[in-house]
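Only this structure's heavy atoms are used, side chains among them; waters, hydrogens and symmetry mates stay out.
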Amino acid sequence: MERGKMAELESLETAAEHERILREIESTDTACIGPTLRSVYDGEEHGRFMEKLEARIRNHDREIEKMCNFHYQGFVDSITELLKVRGEAQKLKHQVTDTNRKLQSEGKELVVAMEELKQCRLQQRNISATVDKLTLCLPVLEMYSKLREQMTSKRHYPALKTLEHLEHTYLPQVSHYRFCKIMVDNIPKLREEIKDVSMSDLKDFLESIRKHSDKIGETAMKQAQQQRNLDNIVSQHPRIGGGKKYKKDVCASSDLEVKNTSPMSEQDSGILDVEDEDDDEEVPGAQDLVDFSPVYRCLHIYSVLGARETFENYYRKQRRKQARLVLQPPSNMHETLDGYRKYFNQIVGFFVVEDHILHTSQGLVNRAYIDELWEMALSKTIAALRTHSSYCSDPNLVLDLKNLIVLFADTLQGYGFPVNQLFDMLLEIRDQYSDTLLKKWSGVFRNILDSDNYSPIPVANEELYKKIIGQFPFQDPELEKQPFPKKFPFSEFVPKVYNQIKEFIYACLKFSEDLHLSSTEVDDMIRKSTNLLLTRMLSNCLQTVIKRRNTGLTELVQIIINTTHLEKSCKFLEEFITNITNVLPETVHTTKLYGTTTFKDARHAAEEEIYTNLNQKIDQFLQLADYDWMAAEPGSKASDYLVDLIAFLRSTFAVFTHLPVSDSGLFL
């Protein structure tokens with residue numbers, strides 16, 4: 001029973017649910033009926049629902065039928081009206097169709113034009129957007145192109161500036177484009193490329209100035225020479241001793257004899273022969289010969305990249321290496337002046353470049369670095385000069401070397417380098433120069449004495465007489481009164497030796513020029529060297545000739561006469577030295593010439609040799625004589641041997657009559 005009640009309740013609930021669904025279907029819009037129908041199919045009583053639905057449809061059909069029967073006449077009238085309207089509608093349809101066809105036909109071109117306009121509008125919009133994007137991108141591309149062009153033309157510093165602008169100004173505006181990202185990724189590589197290329201240019205620059213240091217130094221030394229010449233002209237102060245006047249006098253007076261025998265008559269090969277220089281010629285400066293821009297560019301680039309210290313260390317290290325190479329002299333430097341000149345040119349060229357870098361590079365090198373290099377260069381240069389100059393035996397080469405060292409020192413002094421040690425070293429070379437002069441003049445004196453005929457100099461006319469007087473300070477009123485031809489009492493070696501002594505003095509003077517010595521120091525040096533020449537070289541040469549076996553009594557007598565006149569000429573040599581040094585002989589520290597002693601010693605040696613030879617000759621006569629020492633009575637006439645001896649002595653004493661009064665009082 002309960003089960004029957006339960007089934008009855010469920011049936012009522014189902015009927016009520018179906019009723020509700022039917023009401024929803026009747027009252028709900030057709031588009032929203034889906035959920036309602038779904039609820040029917042979700043349940044299990046859809047069959048009964050279908051029955052309910054069929055029953056409801058039949059009810060509605062009956063209601064419609066009742067309503068239609070009630071309104072039938074109205075329906076018929078409506079149908080009639082509709083039929084009439086259908087005819088009008090057909091006509092309207094045809095008219096609309098025709099109108100539409102005509103409109104379509106007429107509007108076809110308009111549609112095509114509208115499509116084209118639409119495409120144009122689209123293209124215009126795209127173009128406008130493209131222009132806007134390109135407006136942002138083109139400056140970036142232009143800057144990048146400019147960067148590449150600058151790098152191609154090796155304008156690295158502007159390229160680095162362009163790269164900075166590109167990175168910080170232009171690329172951030174278009175950073176979302178792919179090509180910009182590629183550029184950003186390439187920026188470190190470009191910086192390294194600029195850095196490497198600029199360093200390569202610097203290496204080329206360093207190699208170039210290493211090769212051209214010789215030319216740079218030569219140019220700088222020419223400039224120093226021109227400046228010194230100009231200073232001499234402006235100051236109008238004669239050099240120490242005004243030696244050129246005396247040089248001309250000596251050359252003019254000695255003429256034929258001296259020209260062929262003087263060791264200093266040969267043309268000097270020195271670079272300081274100002275008469276041969278064209279002072280008006282413009283010599284380019286070091287900055288005109290060297291393009292320093294690679295150094296500046298590389299310095300700026302490394303500074304911008306934050307690696308200035310690295311660059312400075314590299315530059316200084318490389319230049320130190322080059323300095324050591326420059327300061328290493330060639331092994332055969334002492335053979336020619338060109339070897340020394342090239343050595344000096346390279347050193348000057350090196351320091352001219354460093355001085356220019358010091359004053360133009362804003363700290364790439366500093367004064368301490370330059371001073372360190374110069375101290376090293378000075379010590380090595382002085383050591384090399386001491387070694388190589390010791391091999392030199394030619395005084396002309398030593399003099400040219402001195403002139404070259406002075407020019408070298410003056411050039412570097414003009415750039416602010418201290419050169420006192422170089423001038424101190426020149427005083428050492430001066431002693432060597434004096435030794436080489438003494439050796440050379442010793443050979444000159446030997447040649448003069450060997451080639452002399454030891455006969456009084458004959459003169460046939462006034463011209464020859466004045467020529468001899470111009471060569472040697474000799475005055476004899478008696479000889480001047482004699483008619484031509486006449487003879488000087490001395491032989492040719494007297495004016496030749498006298499002029500060679502003056503040549504030697506002038507050669508000593510030439511070395512003292514430009515050494516910044518006082519007149520007293522120059523005078524002392526000349527007098528000491530001249531004393532060595534007289535007491536050592538000339539004295540030895542005279543002693544050699546006097547002691548020679550084939551020297552006859554006539555030659556010995558002529559030597560005595562010659563030395564007497566040379567002794568008298570010593571006061572003129574004193575005056576000559578005084579004139580060229582402007583130091584009076586009365587000065588406290590003035591060295592005296594020992595020429596009088598030299599010639600007296602030579603004359604005494606000649607007298608002793610005459611005694612010896614004369615005694616030997618008499619002994620020879622007596623040894624050859626055949627006397628009868630046991631004769632009872634003396635003969636009526638002298639022996640032939642004795643007659644020959646007396647004739648020999650007579651002729652010999654006739655030669656002695658030409659002798660001046662001797663210190664010993666023997667010869668009158």
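Rounded to the nearest 0.5 angstrom, Gln227 CD and Gln223 CD are separated by 9.5 Å. Here CG of Leu573 is found 5.5 Å from CD1 of Ile501. Values are rounded to the nearest 0.5 Å. With values rounded to the nearest 0.5 angstrom, Asn499 atom CG is found 6.0 Å from Gln471 atom CD. Separation of atoms CZ (Phe472) and CG (Leu566) is listed at 5.5 Å; rounding is to 0.5 Å. Expressed to the nearest 0.5 Å, how far CD1 of Ile577 lies from CD1 of Ile526 amounts to 6.5 Å. Rounded to the nearest 0.5 Å, atoms CD (Glu462) and CD1 (Ile469) are 9.5 Å apart.
Between Leu509 and Ile505 there is no side-chain heavy-atom pair separated by less than 4.5 Å. By the 4.5 Å heavy-atom criterion applied to side chains, Phe504 and Ser529 are counted as neighbours. For the pair Leu542 and Asp601, the minimum side-chain heavy-atom distance is 4.5 Å or more. Considering only heavy atoms from C-beta on, Lys380 stays 4.5 Å or farther from Ile347 through its side chain. Contact annotation: the side chain of Arg527 never approaches that of Thr530 to less than 4.5 Å [non-hydrogen atoms, C-beta and beyond]. Under the 4.5 Å side-chain criterion, counting only non-hydrogen atoms from C-beta, Phe511 is in contact with Val398. Put simply, the side chain of Leu449 reaches to within 4.5 Å of the side chain of Tyr454, judged on heavy atoms. Put simply, the side chain of Glu480 does not reach to within 4.5 Å of the side chain of Asp476, judged on heavy atoms.
Using modelled atom types, one side-chain atom of Ser455 and one backbone atom of Asn453 make a donor-acceptor pair closer than 3.5 Å. Put simply, the side chain of Tyr433 never gets that close to the backbone of Glu428: no donor and acceptor are under 3.5 Å apart. Between the side chain of Asn461 and the backbone N or O of Leu464, at least one donor-acceptor pair lies under 3.5 Å. Panel note: side chain Lys440, backbone Thr436; no donor-acceptor pair is recorded below 3.5 Å. Trp441 places no side-chain N or O within donor-acceptor distance of the main-chain N or O of Met537, the cut-off being under 3.5 Å. Side-chain atoms of Glu521 come within 3.5 Å of backbone atoms of Ser518 as a donor-acceptor pair (strictly under, hydrogens ignored). In terms of modelled atom types and a separation under 3.5 Å, the side chain of Asp523 and the main chain of Ser519 share no donor-acceptor contact. A donor-acceptor contact shorter than 3.5 Å links the side chain of Ser390 to the backbone of Thr387. Proximity of a side-chain donor or acceptor of Asn579 to a complementary backbone N or O of Glu575 within less than 3.5 Å is detected. With Ser451 contributing its side chain and Ile448 its backbone, the two residues share a donor-acceptor pair below 3.5 Å.
The side-chain tip of Lys496 does not point at the ring of Phe493 from less than 6.0 angstrom away and within 45° of straight on.
Atom CD of Gln482 is surrounded by more than 12 heavy atoms from other residues, nucleotides or ligands within 6.0 Å. No more than 12 heavy-atom neighbours from other residues, nucleotides or ligands sit within 6.0 angstrom of CZ on Arg536. At most 12 non-hydrogen atoms from other residues, nucleotides or ligands lie less than 6.0 angstrom from CD of Gln475. Crowding of Lys215 atom NZ: a count of heavy atoms from other residues, nucleotides or ligands under 6.0 Å not exceeding 12. Atom CD of Gln421 has 12 or fewer neighbouring heavy atoms from other residues, nucleotides or ligands inside a 6.0 Å radius.
Take Asp435 and apply the salt bridge (Lys or Arg N to Asp or Glu O under 4.0 Å) test, not counting sequence neighbours, and it matches no residue.
Shown here for Ser389 and Tyr340, the closest heavy-atom pair between the two residues is N-OH, 3.6 Å. Among all heavy-atom pairs drawn from Gln328 and Tyr343, the shortest one is C-CE1, 4.2 Å. Residues His388 and Pro329 come closest through the heavy atom pair NE2-CG, 3.9 Å. In terms of heavy atoms, Leu479 sits closest to Lys487 at CD1-O, 3.2 Å. Taking both residues in full, the closest heavy atoms of Thr535 and Ser539 are given as O-CB, 3.3 Å, listed atom of the first, atom of the second, then distance. Contact record, Leu538 with Val497: CD2-CG1, 3.9 Å, taken as the closest heavy-atom pair.
Looking only at atom types and distance, the side chain of Ser491 has a donor-acceptor partner in the side chain of Asp452 under 3.5 Å away. Gln225 and Asn229 are linked by a side-chain donor-acceptor pair at a separation below 3.5 angstrom, with hydrogens and angles left out of the test. With hydrogens and angles left out, the side-chain atoms of Arg446 and Ser442 include a donor and acceptor closer than 3.5 Å.
Note on ring orientation: taking the six-membered ring where Trp is involved, the planes of Trp374 and Phe408 are tilted (angle from 30° to 60°).
Here Asp524 pairs with Lys528 in a salt bridge; the nearest charged N to carboxylate O distance falls below 4.0 Å. With respect to the salt-bridge test (charged N to carboxylate O, under 4.0 angstrom), the residues Glu218 and Lys222 qualify. Using a 4.0 Å cut-off between a side-chain N of Lys or Arg and a carboxylate O of Asp or Glu, Lys439 and Asp394 do not qualify as a salt bridge. Using a 4.0 Å cut-off between charged side-chain N and carboxylate O, Lys402 and Glu513 make no salt bridge.
Of the candidates Leu397, Asp400, Leu337, Leu397 is the only one forming a side-chain contact (heavy atoms from CB on, under 4.5 Å) with Cys392.
Side-chain rings of Tyr415 and Phe417 stay apart, their centers remaining 6.0 Å or farther from each other. Between Phe488 and Tyr465, the distance from one ring center to the other falls under 6.0 angstrom.
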Inset, instruction - Decide yes or no on side chain to side chain contact (heavy atoms under 4.5 Å, CB included) for Phe445 and Thr544, but give the supporting numbers first. - result: CA-CA 11 Å; Phe445 288 148; Thr544 301; over 6 Å; no
Inset, instruction - Test side chain to side chain contact (heavy atoms under 4.5 Å, CB included) on Ile580 and Val522 and set out the steps. - result: CA-CA 10 Å; Ile580 64 177; Val522 174; over 6 Å; no
Inset, instruction - Decide yes or no on side chain to side chain contact (heavy atoms under 4.5 Å, CB included) for Ile559 and Arg603, but give the supporting numbers first. - result: CA-CA 7 Å; Ile559 288 174; Arg603 190 160 59 250; over 6 Å; no
Inset, instruction - Might you work through the side chain to side chain contact (heavy atoms under 4.5 Å, CB included) test for Leu378 and Thr381, ending with a clear yes or no? - result: CA-CA 5 Å; Leu378 198 59; Thr381 302; 5.6 Å; no
